[in-house]
Structures are given as structure tokens and as C-alpha cells.
Amino acid sequence: MKFEIIGAGALGLLFGAKLLNAGHEVTFWTRTNHQADLLTKQGYILEESDGSLHQIEASKFQAHQIKEAVKIGEYRENDWVFITTKQRHIDGELLSIIQSLHGERTGTLCFQNGMGHVEKLLTFLKGRQIYTAVTTEGGKRIGTERVIRSGVGKTTIGIVERRSPKSDQREAEKGIYGDDRGESLVNTLDIAGFPAFLSKDIDREIFRKLLINAVVNPLTALWRIPNGELLETEERRNLLRQLCQEGAAIYQANGISYDPALYEQVSEVCRSTAGNISSMLNDVLQGVPTEVDFINGYLVEMGRSAGVSAPGHEMVWQLIRGLPSTNRISI
Ligand SMILES: NC(=O)C1=CN([C@@H]2O[C@H](COP(=O)(O)OP(=O)(O)OC[C@H]3O[C@@H](n4cnc5c(N)ncnc54)[C@H](OP(=O)(O)O)[C@@H]3O)[C@@H](O)[C@H]2O)C=CC1
Ligand SMILES: CC(C)(CO)C(=O)C(=O)O
């Protein structure tokens, strides 16, 4: 298969490496010319979860700056465009560039945590197949030259539909080739080494992950602790419980189904990813903007529109937004 990967960060490089090793064609589209140059000169290293190192030879793939896509990418005969940038990178400019990478039967798969990007994609890429991946894979990028797979996760994909009365068109598309295409991607990912599943109800997975991220990410980022340490004290567990309860009330008011054993589910994620630095803590430590607006911010707005207040989520949202980008005070 032919893959275009937009965003050669942690997740893009991880998926790209293993798809290349499985014999697929991969082109990386980077924000800067500098990164594309380095990748095409030196390749990069994948450090697997068992510590083994795999050199990804530069001769095996292409890498270009995204701005080149309009010139050289127009209507390529590709199978999939993977969007592996952060939420905040998906703006009008990127969306119109993404359009030029689509051939007749290209599918789009987006990997972002949080909410907001899907609606943008559905609006911009009208008539295209948009899939979402909900993944618990853990990728960490070290410079341009190395990506670490911190844990083997599970990747669930599904075709998304517009959450508005205009859903008829998407339903029709799904009927034509949606599930076949998804199934073939799931098999490809599985063979490449990513445990993958096709969901007929991807919204359920998306909302399940949204709540997990809304509870784990801001608290780990504020307390600067790995996920597992959230369960260590009564104070931390109490706040975890409060955020779960508020999330459940918001979902209930919006008619979104959720697992009643939410706290246990979140605790299980903390245990199974105990050593992980959450993506939000990682962003805070690197001094780059977090995805809190698309996670807790989104949840608070959902609550407001249904008349449900969520003081805990509102507070952690604002606390994260207010964090300084560097530690300026030393004693
Ligand atoms: N890492 C993980 O394990 C997981 C991540 N996710 C989600 O996946 C998404 C990506 O995460 P992650 O890979 O960690 O993020 P990274 O920050 O590592 O990667 C994002 C990449 O996108 C690039 N980029 C930014 N703007 C553009 C653009 N206009 N065109 C092309 N590339 C661009 C960035 O380039 P530059 O560095 O030059 O700015 C960067 O290389 C996030 O939404 C995250 O929530 C979900 C599950 C797990
Ligand atoms: C599941 C969790 C919390 C794992 O770290 C995650 O998705 C993240 O860090 O963004």
C-alpha cells in the first residue's frame, strides 16, 4: 500500500517505520524543510518496546516539506493519508494542502487525541472517507533521528460520520466501500506489528478515550508525575473520582453512552501505563502548547450546552492554560 504521513513526529515516525519494514511505500510530509532534509539524508532509528534498535534507511522512503505537496503531491495514486500532527496544527492551510494529496480512492486516517479535528476534516474534505484511529500506542520522538515505542498498544479504527442532521451523505459513502477499506487497513496494520481492530461504533471509542485523557492528562501535567502515581494518595484518587463523575454527568446529559465503572476503567489505564509520561505532561515539560482545549475545554463546552457544570474540569482546563512555558523562578 501507499501511505502519505503528515507530521513526522512521534506517532508518524512510529507508524511509518513499521509500515516501511512491512514493505509498504511511505512518504513523510514535514512542517520544515530542515526535517525533510535530515530524514532524507540520514533516515532514522526506531527503538522498539523491547529495546531493539532498527535503522530506517533513508533510501526506503521519501520526505518532503508539506508546502511541496501542492506542487508534487497533486492527486497521487495513494491508499491512505495519515494525519499525525497535533490538533492545533490542523488549520485551514493544512486542510487545503491535505486535499491535494487525495486521489480518487484515498482514505484519511486521523490519530489526534481530543475533539474538534474530525468536524473540520468532514467540512473540508467533503465526499472523502474519513477514519479515526483511537490508539494506546506510545511514541516518543528524540530529536529528528530517533523514535521510541514506549509500549505496544491497541489501535481501533472506524469511519466517522458527521454529528449533525447532514449525516445522510456519509452513510451512503460508508455503504459503498467504507468497511472493506477499513478491514484491509486493519489487516495491514496488524501484519506491520500494530494490534488493530475495526469498530462499527468508533464514536464510543473516541468518547471513552476523551474521558480517560480528560482525567489522566491534566492531573499528571499539573503534578508532574507518571500516570501510575495518580493512584498513590487519597487526595489524588479523590480528584480522579470527581473528574470521572463530572464527565459521566456530561455524557449522560448529552445522550452519550459510557461505562458506569468509569473510575475503575481510568484506574486500570493508570496501572497499565504506570511508567508513562502523559502526552500533556510531555508538552508541558517541552514548553509547547498542550491539547487541553480539545480535551477538557471540549468537555466543559459540552457540559455548558447541556446545562451541566463541571467545576473540576473547568479548573484543570484553566490551570493548564495558565501554566508558564518555562520555570522562571529559582530559589
Ligand atoms: N505520541 C503518542 O504516543 C500518541 C499521540 N496521540 C495523538 O497523536 C497526535 C500526534 O502526537 P505526537 O506524534 O506525539 O506529536 P508530535 O508533536 O511528536 O508530532 C507532531 C508532528 O506534526 C508536525 N507538524 C506540525 N504542523 C505540521 C504541518 N503543517 N505539516 C506537517 N507536519 C506538521 C510537527 O512538526 P514540528 O516538530 O516541526 O513542529 C511534529 O513533527 C496528537 O494529537 C496526540 O494527541 C495519540 C495517541 C498516542
Ligand atoms: C492513555 C494516555 C493517558 C497514556 O499516557 C494517553 O493517551 C496520553 O498520554 O495522551
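The analysis underlying the following values was restricted to heavy atoms, covering all of them including side chains, and did not include hydrogens, waters or symmetry mates. Start at 1 and go down the list; that is how both ligands and their atoms are numbered.
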Please say yes or no: joined through hydrophobic side-chain contacts below 4.5 Å, possibly via intermediate residues, are Ile130 and Ile6 part of one cluster?
yes
Quick one: do Asp91 and Lys120 make a salt bridge, cutoff under 4.0 Å?
no
Near Gly138, which atoms of ligand 1 are under 4.0 Å from a heavy atom of that residue?
3 (O)
Heavy-atom side-chain proximity of Ile295 to Trp317 below 4.5 angstrom
no
Measuring from the heavy atoms of Met280, does anything fall under 4.0 Å of ligand 2?
no
Under 4.0 Å from a heavy atom of Trp29: give me the atoms of ligand 1 that qualify, with their elements.
31 (C), 32 (N)
Ligand 2 N/O within reach of Ser278 N/O, cut-off under 3.5 Å
no
Is there a polar contact, in the sense of an N or O pair closer than 3.5 Å, between Ile6 and ligand 1?
no
Taking 4.0 Å as the limit for heavy-atom contacts, which would you say applies to Asn113 with ligand 2: side chain only, backbone only, both, or neither?
side chain
Will you find, in the side chains of Asn113 and Glu291, an N or O donor that is under 3.5 Å from an N or O acceptor?
no
Among all protein non-hydrogen atoms, which one is nearest to atom 29 (N) of ligand 1, and what is the separation to 0.1 Å?
Leu94 CD1, 3.6 Å
Cluster link Ile148 to Leu281, ILVMFWY, side chain under 4.5 Å:
no
Would you mind checking which non-hydrogen protein atom is closest to atom 19 (O) of ligand 1, with the distance to 0.1 Å?
Gly9 CA, 3.3 Å
If we only consider heavy atoms of Ala8, is any one of them less than 4.0 Å away from an atom in ligand 1?
yes
Under a 4.0 Å heavy-atom limit, does Thr135 contact ligand 1 with its side chain, its backbone, both, or neither?
both
Between Phe15 and Phe111 (judged by ring centroids, cut-off 6.0 Å), do the two rings come close enough to count as a pair?
yes
Minimum heavy-atom distance between Val292 and Arg321, given as atom pair plus value:
CG1-CG, 4.0 Å
Which ligand 1 atoms are under 4.0 Å away from a heavy-atom of Ile66?
30 (N)
Test side-chain contact (heavy atoms from CB on, under 4.5 Å) on Leu13 and Tyr44; report intermediate values, then the result.
CA-CA 9 Å; Leu13 290 173; Tyr44 65 99; 3.7 Å; yes
Would a single hydrophobic cluster contain both Leu285 and Val147, if residues Ile, Leu, Val, Met, Phe, Trp and Tyr are joined by side-chain heavy-atom contacts under 4.5 Å?
no
Considering all heavy atoms, the nearest Ser49-Val152 contact
OG-CG2, 3.4 Å
Using heavy-atom distances only, which candidate in Glu93, Met280, Glu291, His89 approaches atom 42 (C) of ligand 1 most closely?
Glu291
In short, Ala36 meets His64 closest at the heavy-atom pair CB-C, 3.7 Å
Ignoring hydrogens, just give me the one of Ile90, Thr84, Leu11 whose non-hydrogen atom is nearest atom 13 (O) of ligand 1.
Leu11
Distance-only donor-acceptor pairs under 3.5 Å for side chains of residues 247-258, two or more places apart:
unit_1	atom_1	unit_2	atom_2	d
Tyr251	OH	Phe207	O	2.6
Asn254	ND2	Ile250	O	2.9
Asn254	ND2	Met302	O	3.3
Ser257	OG	Arg204	NH1	3.0

Below the 3.5 angstrom mark, is there an N/O of Ala10, backbone or side chain, next to an N/O of ligand 1?
yes
Under 4.5 Å between side-chain heavy atoms, hopping through other hydrophobics if needed: is there a path connecting Leu210 to Leu239?
yes
Note the single closest protein heavy atom to atom 6 (C) of ligand 2, along with its residue, its atom name and the distance in Å.
Asn213 ND2, 3.3 Å
Under 4.0 Å between heavy atoms, the region of Gln112 that gets near ligand 1 turns out to be both
Measuring from non-hydrogen atoms of Thr136 to any atom of ligand 2, is the shortest distance under 4.0 Å?
no
Between Leu240 and Leu231, does a side-chain contact (heavy atoms from CB on, under 4.5 Å) hold up when you go through it step by step?
CA-CA 9 Å; Leu240 233 66; Leu231 302 175; 3.7 Å; yes
Closest heavy-atom approach to atom 37 (O) of ligand 1 among Lys209, Lys86, Arg31, Arg141 is made by Arg141
Which residue holds the protein heavy atom closest to atom 7 (C) of ligand 1, what is that atom called, and what is the gap in Å?
Phe111 O, 3.5 Å
Between Asn217 and ligand 2, is there a nitrogen or oxygen pair with a distance under 3.5 Å?
yes
To the nearest 0.1 Å, how far is atom 23 (C) of ligand 1 from its closest protein heavy atom, and which atom is that?
Gly7 CA, 3.9 Å
For ligand 2, which atoms sit closer than 4.0 Å to a heavy atom of Val216?
3 (C)
Taking atom types as modelled, is there a side-chain donor on Asn78 or Thr106 under 3.5 Å from an acceptor on the other?
yes
Subset of ligand 1 atoms that lie under 4.0 Å from at least one heavy atom of Glu137:
3 (O), 48 (C)
At under 4.0 Å between heavy atoms, which part of Thr85 makes contact with ligand 1: side chain, backbone, both or neither?
both
Taking N or O atoms only and a 3.5 Å limit, does Thr32 qualify as a polar contact for ligand 1?
no
Have a look at ligand 1 and work out which part of Leu14, if any, has a heavy atom under 4.0 Å from it: side chain, backbone, both or neither.
neither
For ligand 2, which atoms have a heavy atom of Lys209 less than 4.0 angstrom away?
7 (O)
I'd like to know if Phe194 and Phe61 are part of one continuous hydrophobic network [Ile/Leu/Val/Met/Phe/Trp/Tyr, side-chain heavy atoms within less than 4.5 Å].
yes
Considering non-hydrogen atoms of the protein only, which is the closest contact for atom 5 (O) of ligand 2, and what is the distance?
Asn227 ND2, 3.0 Å
Note the single closest protein heavy atom to atom 9 (O) of ligand 2, along with its residue, its atom name and the distance in Å.
Ser279 N, 2.8 Å
Heavy-atom count check: over 12 atoms from other residues, nucleotides or ligands less than 6.0 Å from His34 NE2?
no
